[in-house]
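Okay, structure first, notes after.
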Amino acid sequence: HDVTRFLSRAAKQIGSNPVEQAWTSPPAAPDSDDPYDRLFLAFAFLLGQPGVPLVYYGDEIGLPGTADPDNRRMMKFDAALSAREKKLLDRVKIMAKARGTLPGLRRGARRTLFTDGDGYVFARGASKNIVLVAINRGTTARTAKVTIPPELGVPDGTVLKDLLGGPNVTVGTGGTFDMPFGAKNAALYTR
């Protein structure tokens, strides 16, 4: 809570002296989707990891800010939210609800299934409680060949649904399937 806000860092709005900037030129809300998308990817990673996640108030809506006291701006709610802030909040709510209701995401071990320069897919839990988190920080949509190892107990033909609204995927022969990666997006697959 005593550091600059993630959103302002992602928007490259933090100067060389954040303490002075907090008093003289605090950043406004970014005017593009990119910083909000980056913040959502950070939330997808954070809420998919083992352990108790720590969320500082306002990050779920993308509150901007530099050093203290600018990182302690007043919280905004409902009608005061911009379209970008509302979209971020809606997606974070889905991830947070999944974190609280899916046993695999809450207590399951993490296992990396795929990684490259921009993409990361990991599983939490196994069998009927498996959850896959897919993150693509790249700027182009693509697919990734992912294999769920047999010891995770997901039979061929299993349909996995993306709780974040992306397309469903069907696990193919040998646990392999093509996972769609939206540009600068995340997916949360469950049975």
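Treat the numbers as computed from the prediction; the structure is a model and nothing was measured. Numbering starts at 1 and runs along the sequence shown.
Open room surrounds NZ on Lys161; 12 or fewer heavy atoms of other groups in view lie less than 6.0 Å from it.
No chain of hydrophobic side-chain contacts below 4.5 Å, direct or via other Ile, Leu, Val, Met, Phe, Trp or Tyr residues, connects Val55 to Leu89. Under the 4.5 Å side-chain contact rule for hydrophobic residues, Val169 and Phe122 do not share a cluster. Note on Leu7: it does not cluster hydrophobically with Tyr56, by side-chain heavy-atom contacts below 4.5 Å among ILVMFWY residues. No single ILVMFWY cluster, assembled from side-chain heavy atoms under 4.5 Å apart, contains both Ile130 and Leu105. At a threshold of 4.5 Å between side-chain heavy atoms, the hydrophobic network of Ile, Leu, Val, Met, Phe, Trp and Tyr places Val92 and Leu102 in one connected group.
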Practice item. Go through the steps for Phe177 and Lys145 under the test side-chain contact (heavy atoms from CB on, under 4.5 Å), then give the verdict. Key: CA-CA 6 Å; Phe177 62 96; Lys145 189 151 302 285; over 6 Å; no
**Study point:** Evaluation steps, side-chain contact (heavy atoms from CB on, under 4.5 Å), between Tyr120 and Val133
**Key:** CA-CA 8 Å; Tyr120 181 38; Val133 178; over 6 Å; no
Check your understanding: Can Lys87 and Phe40 be said to form a side-chain contact (heavy atoms from CB on, under 4.5 Å), step by step?
Key -> CA-CA 10 Å; Lys87 179 181 176 187; Phe40 174 65; over 6 Å; no
Check your understanding: Do Phe45 and Phe43 pass the ring pair (Phe, Tyr, Trp, His ring centres under 6.0 Å) test, and can you show the C-alpha distance, the side-chain angles, and the key distance before you say yes or no?
Key -> CA-CA 5 Å; Phe45 180 80; Phe43 268 110; over 10 Å; no
Exercise for review: Begin with the C-alpha distance, continue with both residues' side-chain angles, and end with the deciding distance and a verdict on side chain to side chain donor-acceptor pair (under 3.5 Å) for Thr4 and Thr66.
Suggested key: CA-CA 4 Å; Thr4 56; Thr66 61; over 6 Å; no
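Residues Leu132 and Ile148 have side chains in contact (heavy-atom distance under 4.5 Å, counting atoms from C-beta outward). You'll find the side chain of Thr115 stays beyond 4.5 Å of the side chain of Val121, heavy atoms only. Side-chain contact between Glu60 and Met95 is absent, with no heavy-atom pair separated by less than 4.5 Å. Counting only heavy atoms from C-beta outward, the side chains of Pro50 and Arg124 approach each other to under 4.5 Å.
Scanning both residues, Leu54 and Leu46, for their nearest heavy atoms gives O-CD2, 3.7 Å. The two atoms that bring Ile94 and Leu163 nearest to each other are CG2-O, 3.6 Å, heavy atoms only. Between Gly175 and Asp156, the closest heavy-atom pair is N-OD1, 3.0 Å. Scanning all heavy atoms of the two residues, the minimum distance from Tyr189 to Leu160 falls at CD2-O, 3.7 Å. Between Phe181 and Ile135, the closest heavy-atom pair is CE2-O, 3.5 Å. For the residue pair Arg73 and Pro64, the shortest heavy atom distance occurs at NH1-CG, 3.1 Å.
Between Asp37 and Arg91 a salt bridge is recorded (basic side-chain N to carboxylate O distance below 4.0 Å). Under a 4.0 Å N-O distance rule, the pair Asp31/Arg84 does not qualify as a salt bridge. A salt bridge links Asp116 with Arg142; the closest basic N to acidic carboxylate O contact falls under 4.0 Å.
Between atom OG of residue Ser8 and atom CG of residue Asp70 there is a gap of 7.5 Å, rounded to the nearest 0.5 Å. Atom CG of residue Leu152 and atom OG1 of residue Thr147 lie 11.5 Å apart, to the nearest 0.5 angstrom.
Taking the ring centre of Tyr57 as origin, the terminal cationic atom of Arg5 falls inside the region bounded by 6.0 Å and 45° from the ring axis.
The only member of Ile61, Asp59, Leu39 that meets side-chain contact (heavy atoms from CB on, under 4.5 Å) when paired with Leu88 is Leu39. The only member of Thr140, Asp34, Asp118 that meets side-chain hydrogen bond (donor to acceptor under 3.5 Å, both in side chains) when paired with Lys184 is Asp34.
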